[in-house]
> 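Below are the structure tokens for one structure; questions will follow.
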Amino acid sequence: MKVYVWKHSGNSYKLRVLLALIGVEYEEVMVNFRMHEHKSADYRKINPRGQVPAIVDGEMVLWDSAACLVYIARKFGGKQWLPSAPAPMAEVMNWVSLAGNEMLYGLQYARRGLTRGICSAGTVEQMQVNGRIALDVVEARLATQDWLALGHPTIADIACFPYVETAPEGGMPLAPYPRITAWLARCKALPQWPARWQT
Ligand SMILES: N[C@@H](CCC(=O)N[C@@H](CS)C(=O)NCC(=O)O)C(=O)O
């Protein structure tokens, strides 16, 4: 299985985390953003959005981090990371969906706005409004649970982790969110949790 990533990409990091926690062997392909490889015609045959991450596993081509997490979890992870029964699966997907909405258009894009000057979804302030919605939802959830879904680590936690951790880089400090801060530490304490790529 080939996994296409970029070392500064939080969405790529989600796959790195899940693959490490499950212990899957794979081939990592670094897509060099500085060389604009992600926008090349060849790479767009894999990911038509010109983004990372992506997976090629035999005939299977996936180009969205949520789809990739689902695929890895169900193919290699047994029941733990994403159960197949309707209710627990949907509970996990609530959080994966939050990661693809308010977290992406809030936490991820506010960070990109502040660190790279790219504002593709309104002003930084508008993106921070979305980001704080996501942080408030997670903080409230963690008032009664250690993990976002099902009482144990799942792809819900992995999908949400990268851009919650970097929220301060998007102008949203985590000091007002003590439960999130404790949850980030709990995630990183899981056996085999990998560091981000060295930059
Ligand atoms: N919804 C996509 C978002 C992926 C995404 O935003 N990837 C970023 C890197 S973290 C990217 O490739 N950005 C380059 C671009 O959008 O041109 C997913 O979850 O896979």
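In listed order, ligands and their atoms are each counted from 1. Keep in mind that the numbers below use all heavy atoms, side chains included, and drop hydrogens, waters and symmetry copies.
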> Should you measure from each heavy atom of Pro53, which atoms of ligand 1 turn up under 4.0 Å away?
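Under 4.0 Å from Pro53, ligand 1 has these atoms: 20 (O).
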> Are any of the N or O atoms of Asp64 closer than 3.5 Å to those of ligand 1?
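N/O-N/O distance under 3.5 Å: yes.
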> Would you mind writing out the side-chain donor-acceptor pairs for residues 16-27 within the sub-3.5 Å range, not counting sequence neighbours?
| residue | atom | partner | partner atom | Å |
| --- | --- | --- | --- | --- |
| Arg16 | NE | Ala195 | O | 3.0 |

> Who's the nearest protein heavy-atom neighbour of atom 8 (C) of ligand 1, and how far?
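Checked against all protein heavy atoms, atom 8 (C) of ligand 1 sits closest to Val52 O, 3.9 Å.
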> For ligand 1, is there an N or O atom under 3.5 Å from any N or O atom of Gln108?
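Yes; at least one N/O pair falls below 3.5 Å.
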> For ligand 1, which atoms sit closer than 4.0 Å to a heavy atom of Ser9?
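Here the atoms of ligand 1 in question are 9 (C), 10 (S).
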> Can you list the ligand 1 atoms lying under 4.0 Å from a non-hydrogen atom of Tyr163?
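The atoms of ligand 1 under 4.0 Å from a heavy atom of Tyr163 are 10 (S).
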> Side chain to side chain donor-acceptor pair (under 3.5 Å) with Tyr177: which residues, sequence neighbours excluded?
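Testing Tyr177 for side chain to side chain donor-acceptor pair (under 3.5 Å), a comparison that skips the adjacent residues, returns Asp136.
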> Write down the atom of Asn130, the atom of Gly106, and the distance for their closest heavy-atom approach.
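Scanning both residues, the minimum pair turns out to be CB-CA, 3.6 Å.
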> Run the numbers for me: atoms of ligand 1, each under 4.0 Å from some heavy atom of Leu104, listed by number.
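Answer, ordered by atom number: 1 (N), 3 (C).
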> Would you mind finding which of Lys39, Arg111, His8, Gln51 brings a heavy atom closest to atom 17 (O) of ligand 1?
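Answer by nearest heavy atom: Lys39.
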> Do Glu28 and Lys2 meet the salt-bridge criterion of a basic N to acidic O distance under 4.0 Å?
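So Lys2 does not pair with Glu28 through a salt bridge.
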> Got an N/O contact under 3.5 Å between Lys14 and ligand 1?
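No, Lys14 has no N/O under 3.5 Å of an N/O on ligand 1.
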> Less than 4.0 Å between a side-chain N and a carboxylate O, is that true for Asp157 and Arg186?
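No salt bridge links Arg186 with Asp157.
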> State plainly whether the residues Lys188 and Glu165 are in salt-bridge range, i.e. N to O under 4.0 Å.
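Salt bridge flag = yes for Glu165 with Lys188.
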> Starting from atom 14 (C) of ligand 1, which protein heavy atom do you reach first, and at what distance in Å?
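In this structure, atom 14 (C) of ligand 1 has Phe33 CE2, 3.6 Å as its nearest protein heavy atom.
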> Compare Val5, Val31, Asn47, Asn11 and give the one whose heavy atom is closest to atom 5 (C) of ligand 1.
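Considering heavy atoms of Val5, Val31, Asn47, Asn11, the nearest to atom 5 (C) of ligand 1 sits in Asn11.
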> What is the closest protein heavy atom to atom 19 (O) of ligand 1, and at what distance does it sit?
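Protein heavy atom at minimum distance: Ser65 OG, 2.6 Å.
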> Please say whether more than 12 non-hydrogen atoms of neighbouring residues, nucleotides or ligands are located less than 6.0 Å from CD in Glu125.
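Enclosed: over 12 neighbouring heavy atoms sit under 6.0 Å from CD of Glu125.
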> Are Tyr43 and His38, when compared by the centres of their aromatic rings, separated by less than 6.0 Å?
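No; His38 has its ring centre 6.0 Å or more from that of Tyr43.
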